[in-house]
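Everything numeric here is computed off the predicted structure, so don't read it as measured data. Just follow the structure's listing: the first ligand is 1, and inside any ligand the first atom is 1. Computed over heavy atoms, backbone and side chain alike; hydrogens, waters and symmetry mates excluded.
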Amino acid sequence: MSTHPTETDSYPRADVTPPSGSLFPHKHLLGTWNLDPVSIKHILDTAEEYVEQNRRAQKSTPKCAGLTQINLFFENSTRTLMSFEIAGKRLGMDTISMSTGTSSIKKGETLLDTAATLNAMHPDVLVMRHADSGAVKLLSEKMDCAVINAGDGRAEHPTQALLDALTIRRRKGALHGQTVVISGDVAHSRVARSNIYLLSAMGARVRLVAPPTLLPKDVDRLGVEVATRMDEGLKGADVVMMLRLQQERMQGAFLPSLREYFRFWGLTAEKLAYAKDDVLVMHPGPMNRGVEIASDVADDIDRSAIEEQVEMGVAVRMACLDILTRNLRGEAA
Ligand code: ASP
């Protein structure tokens, strides 16, 4: 076990997990499956403060100055990577990003060797995305620092679910009691899984709407409602989250054709009429217009919260970086 070089002896070791009883008693953020309502609320409340800060001209604080954040992305990303970089910089961290194209992974280094290499550089936070479910957890076991899962395979994408929750809470006033429809390629979506766990924990009613081939195999164990037709699935919805077809994770034929898919499961104004009048439309991005969502619905300024989700993403990631490094800064988590 290594210690961080510090200015004072009062700094704890890097791998001190917050004591149980603290508002966020976790060393890492690997998923939402293990988050209780207190921890979730703590992140969302902390993020609220950053929403305000991010709207000011002067957006950075030196709160995390001197700490190092590494973003290690083995899969493509626009929103998540940029947002973690901006979040770290606004907290005053030294933020470094690496993608597989520039790393030794291409030269055959194993994931665990990469972990050992990065660990030797004493980062304080590692943000990682990987195409394999479970890869981020595996790496976290080898790291002294806090690890944040920025998406692993089809398993989890916790900061996406947290930013979605913040968006819903701000627009609807609460998560509890909302009927949230998650529609599209649920089977391959880590966004869906993280949202199902988080929204259920917060007392929302979750309904999945997808063709049978795009529902997860363990759907019966998820504790959600299921529909395979948009008309019945959208009835009474307060929120509709559309998902991209994750073709990179599909092996074999799951769909007839994209045209047919849009016809039956694409979100159009006509289908949206089955939901509540004040329904909120969400999408984690990247969107495939004309496949899972019609352009006029995505761009509907009254109902679409898609750009707001991106804004909330920066605030939520600042909150996560802040909370996970509080021990290092001698503050209570
Ligand atoms: N950006 C999200 C993810 O990384 C959703 C998507 O790719 O469709 O899972």
Can you name the one residue among Glu311, Glu49, Glu48 that meets salt bridge (charged side-chain N to carboxylate O under 4.0 Å, His left out) with Arg55?
->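 The residue from Glu311, Glu49, Glu48 that satisfies salt bridge (charged side-chain N to carboxylate O under 4.0 Å, His left out) with Arg55 turns out to be Glu311.
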
Which residue supplies the protein heavy atom nearest to [atom], what is that atom called, and how far is it?
atom	value
atom 9 (O) of ligand 1	Arg190 NE, 2.9 Å
atom 5 (C) of ligand 1	Gly285 O, 3.2 Å
atom 8 (O) of ligand 1	Arg244 NE, 2.7 Å

Considering the heavy atoms of Val191, write down every atom of ligand 1 situated less than 4.0 Å from one of them.
->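 Here the atoms of ligand 1 in question are 2 (C), 5 (C), 9 (O).
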
Sub-4.0 Å atoms of ligand 1 with respect to non-hydrogen atoms of Arg129 =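 Listed by number with element: 4 (O).
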
Can a non-hydrogen atom of Ala150 be found less than 4.0 Å from any atom of ligand 1?
->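 For ligand 1, residue contact (heavy atoms, under 4.0 Å) with Ala150 is absent.
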
Among the heavy atoms of Glu75, does any lie under 4.0 Å from an atom of ligand 1?
->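 No; Glu75 lies far enough from ligand 1 that no heavy-atom distance drops under 4.0 Å.
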
If you round to the nearest 0.5 Å, how far is OG1 of Thr32 from CG of Leu198?
->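 If I round to the nearest 0.5 Å, the distance is 5.5 Å.
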
Please say whether Gln246 places an N or O atom under 3.5 Å from an N or O atom belonging to ligand 1.
->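 Between Gln246 and ligand 1 (N or O atoms, distance only) the closest approach is under 3.5 Å.
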
Glu308-Thr167 side chain donor-acceptor pair, cut-off 3.5 Å |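 Looking only at side-chain atoms, Thr167 and Glu308 do not form any donor-acceptor pair under 3.5 Å.
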
So is Arg129 actually on top of Phe73's ring, under 6.0 Å and inside 45° of the axis?
->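 Not flagged: Arg129 not positioned over aromatic ring of Phe73.
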
[X] bridged to [Y] by N-O distance under 4.0 Å:
X	Y	result
Asp144	Lys27	no
Asp299	Arg289	yes
Glu75	Arg249	yes

Heavy-atom distances under 4.0 Å are what count here, so tell me which part of Arg79 touches ligand 1: side chain, backbone, both or neither.
->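 Neither; nothing of Arg79 gets under 4.0 Å from ligand 1.
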
